[in-house]
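Input: a single structure, listed below in structure tokens.
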Amino acid sequence: METITLDNITTKNKTSKRVSGSDALILSLIAENVKTIFGYPGGAIMPVYDKLMDYEDQLHHILTRHEQGAIHAAQGFARVSGEVGVCLATSGPGATNLITGIADAFMDSTPIVCFTGQVYSHLLGTDAFQETDVLGVSMPVTKWNFQVTCAEEIAPAVAKAFYIARSGRPGPVLIDITKDAMFAEVDFCYEKCTKIRSYIPIPETKDIRIQQAVELIDNAKRPLALVGQGVVLSGAEKELKEFIEKTGIPVASTLLGLSALPNDHKLYTGMLGMHGNAAPNIKTNEADLIIALGMRFDDRVTGKVNAYAPNAKKIHFEIDKAEVHKIIKVDVTVLGDVKDTLARVTKMVSPNAHVVWRNSFKFIDDQETSRVIQKELNPETGQITMGEVLRHLNEVTKGEAVIVTDVGQHQMVASRYYKFKNKRSFITSGGLGTMGYGLPAAMGAQIAAPHRKVVSISGDGGFQMTMQELGTIAFNKIPVKMIVLNNDYLGMVRQWQELFFDKRYSATSITSPDFVMLAASYGIDGQKVTDRKDLHAAVQRMMDSNEPFILEVAVEAKGNVFPMIPAGSAVNEIVFGDE
């Protein structure tokens with residue numbers, strides 16, 4: 001058959017050609033420069049999969065082992081590359097299996113476009129086989145969703161979907177396509193979407209707000225900048241560095257803001273939040289100015305809201321009006337793209353150093369080091385600690401790896417102790433806290449960044465939720481490195497049970513397969529470590545491998561992650577765990 005390409009049919013003002021709706025979908029993806037999609041076939045999406053065979057040289061499809069694996073892989077792909085991740089699923093259970101990942105992407109502002117097959121349009125609403133109202137189910141957790149019922153709608157819907165997903169505050173979009181629309185023919189011509197009436201992705205920045213922010217910054221004696229994922233999404237890492245180096249303002253990071261600034265920068269004070277570093281949390285309530293950069297004042301960062309930063313004026317740099325005053329009332333709101341607005345502020349502020357204020361963080365840092373960090377990273381006796389594993393990983397990778405985590409104690413340990421050097425190097429589920437996220441997200445990240453070392457860090461509980469993706473990794477020879485920190489517990493839940501539920505360990509003890517043997521059954525190399533004398537060499541062996549590799553480490557069963565801000569406490573009411 002004749003090969004259909006963009007050169008002869010898809011550009012505006014060129015002659016169009018009659019193609020099927022399935023062709024139109026695939027050609028639209030190619031027009032959006034999509035190179036990789038993740039998916040799983042089924043009855044309603046089968047016409048598209050049939051046509052995919054004709055485009056194998058233009059569009060690489062990764063067959064995952066579950067639809068949840070597909071969407072998490074698309075998320076990891078998007079997070080490390082800054083591009084839109086794409087996934088494909090069938091109707092009914094295929095579509096509903098995407099919902100957790102869509103909700104995760106919505107909470108964490110990850111740009112993805114999902115395509116689901118649907119029953120024939122004349123069967124809509126009849127409870128046909130594998131019919132689900134995917135629009136109704138996904139509406140609360142998508143930036144936009146749309147159902148295509150005729151082939152003519154496909155190209156415009158795809159163009160609109162990509163524009164919405166990547167513009168402004170990014171997020172997930174879902175397009176549901178009926179089977180008859182896939183089979184029908186259409187005169188195909190693609191035009192990218194560049195604007196939508198009534199949709200304003202970047203709000204207007206008012207000059208007066210810039211001036212007010214500059215005035216507060218210049219007058220502050222104890223300012224603290226809080227960096228969120230908005231800085232990463234905007235690509236404003238350079239602007240952040242220029243701002244803090246001119247003003248001398250110390251900076252702390254939210255969980256999703258990690259790697260926006262190298263950990264070894266002299267103005268970086270650590271991570272905020274429930275299991276963050278003590279100094280930036282405590283100093284939040286001593287600051288006279290909080291500068292929030294692309295972050296949304298999540299409850300894990302603010303703690304007790306009415307006791308949050310009571311002595312501080314607050315500036316909020318934000319692209320989404322809905323986040324302004326939602327949790328914390330602020331004094332100045334600077335709407336717009338933080339890459340632009342922060343640069344404008346930097347030009348106008350006065351140089352400063354804030355030496356005394358910055359030095360005041362050191363005493364608290366020293367306390368945390370002696371009371372928590374030293375014991376976690378360099379234990380003298382007992383079982384291997386999670387932090388110990390991160391110390392060896394730092395030594396071997398020198399902070400250059402992309403770290404992808406699941407959710408739990410290991411997530412907090414990785415975020416606390418890995419020393420990030422490069423941007424877009426930390427990928428995790430933040431707002432939704434999705435167990436099972438780590439392995440498939442790491443898979444997608446490695447495909448997006450084949451030149452970088454990608455390390456998945458999981459607990460034994462989360463790993464078992466999506467470990468079927470070992471099949472995807474093995475089949476596609478994806479050289480992702482996998483660390484499973486095995487403590488035979490659902491560790492974070494167990495920690496809360498110990499501290500707040502009288503040590504009643506209900507349903508948190510968990511058994512696991514032999515992870516190394518399991519990986520070997522897929523043809524993946526691996527090693528299990530139970531003795532710390534073998535740990536460094538095992539990490540080195542893993543990172544030296546050019547193939548996928550799994551490292552299972554038996555860690556202390558009842559280790560806890562400290563410091564910790566108990567739920568409902570103020571950010572300065574931090575517990576070190578040795579009281």
Side-chain angles (χ1 to χ4, degrees), residues 108-109 168-170 202-203 205-206 209-218 220 222-263 265 267-273 276-277 280-281 283-284 287-298 300-302 308-309 312-349 352 354 420 423-424 426 430-431 571:
D108 288 352
S109 303
R169 181 181 181 176
I202 301 176
T205 303
K206 296 183 178 180
R209 302 304 182 200
I210 297 288
Q211 295 166 4
Q212 290 170 340
V214 169
E215 183 177 346
L216 286 179
I217 292 166
D218 281 349
R222 300 182 305 279
L224 179 61
L226 314 182
V227 176
Q229 191 188 200
V231 171
V232 177
L233 294 172
S234 177
E237 294 90 351
K238 175 176 175 286
E239 288 75 13
L240 168 66
K241 189 170 180 286
E242 290 173 350
F243 170 72
I244 61 173
E245 289 180 350
K246 182 175 182 180
T247 60
I249 294 176
V251 59
S253 173
T254 68
L255 180 69
L256 295 186
L258 288 171
S259 79
L261 190 72
N263 281 47
H265 194 283
L267 291 169
Y268 182 69
T269 66
M271 185 177 74
L272 298 158
N277 295 105
N281 278 316
K283 288 295 180 178
T284 293
D288 64 0
L289 178 65
I290 295 293
I291 307 165
L293 302 169
M295 55 87 75
R296 59 188 181 88
F297 291 108
D298 177 79
R300 287 296 174 100
V301 167
T302 63
Y308 179 77
K313 297 284 188 180
K314 300 171 186 72
I315 305 171
H316 195 177
F317 287 76
E318 180 57 55
I319 199 169
D320 185 356
K321 289 182 180 180
E323 294 295 344
V324 176
H325 305 304
K326 186 173 81 173
I327 296 171
I328 298 294
K329 300 295 182 184
V330 300
D331 298 275
V332 175
T333 301
V334 182
L335 291 174
D337 186 331
V338 70
K339 185 177 179 67
D340 169 64
T341 55
L342 190 58
R344 291 175 61 183
V345 167
T346 301
K347 287 180 180 179
M348 297 173 64
V349 292
N352 210 324
H354 294 290
F420 300 98
K423 64 183 180 180
R424 290 190 179 271
F426 186 62
V571 291

Close side-chain approach of [X] and [Y], heavy atoms under 4.5 Å:
X    : Y    : answer
L258 : M271 : yes
D340 : I202 : no
R169 : R296 : yes
L335 : K321 : yes
V330 : I315 : no
I217 : F243 : yes
M348 : I210 : yes
I328 : K314 : yes

Examine distances only and state if a side-chain atom of [X] and a backbone atom of [Y] form a donor-acceptor pair shorter than 3.5 Å.
X    : Y    : result
R424 : V232 : yes
K313 : D331 : no
D288 : R222 : yes

Taking side-chain hydrogen bond (donor to acceptor under 3.5 Å, both in side chains) as the cut-off, I'd like each qualifying pair that reaches into residues 227-237, sequence neighbours left out, listed once.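 Non-adjacent pairs meeting side-chain hydrogen bond (donor to acceptor under 3.5 Å, both in side chains): R79-Q229, S234-D337.
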With rounding to the nearest 0.5 Å, note down the distance linking [atom1] in [X] to [atom2] in [Y].
X    : Y    : atom1 : atom2 : value
N281 : L272 : CG    : CG    : 5.5 Å
L293 : L342 : CG    : CG    : 5.5 Å
T333 : Q212 : OG1   : CD    : 9.5 Å
T254 : M295 : OG1   : CE    : 6.5 Å
L261 : I244 : CG    : CD1   : 4.5 Å
L216 : I291 : CG    : CD1   : 8.5 Å

To check you understand the geometry: which heavy-atom pair defines the closest contact between [X] and [Y], and what is its length?
X    : Y    : result
P170 : L233 : CD-CD1, 4.0 Å
T247 : H354 : O-CD2, 3.2 Å
Y308 : T284 : CE1-CG2, 3.6 Å
I290 : A312 : CG1-CB, 3.8 Å
G430 : D108 : N-OD2, 2.8 Å
V227 : A260 : CG1-CB, 3.9 Å

Tell me whether [X] at atom [atom1] has more than 12 heavy atoms from other residues, nucleotides or ligands lying less than 6.0 Å away.
X    : atom1 : result
K246 : NZ    : yes
R344 : CZ    : yes
K347 : NZ    : no
E245 : CD    : yes

Check side chain to side chain donor-acceptor pair (under 3.5 Å) between K238 and all other residues, then give those that pass, not counting sequence neighbours.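 With neighbours one apart ignored, the set is E242.
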Which of these, H325, K329, H316, sits in a side-chain contact (heavy atoms from CB on, under 4.5 Å) with F297?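 Only match with F297 under side-chain contact (heavy atoms from CB on, under 4.5 Å): H316.
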Which residues share a ring pair (Phe, Tyr, Trp, His ring centres under 6.0 Å) with F420, sequence neighbours left out: Y418, F426
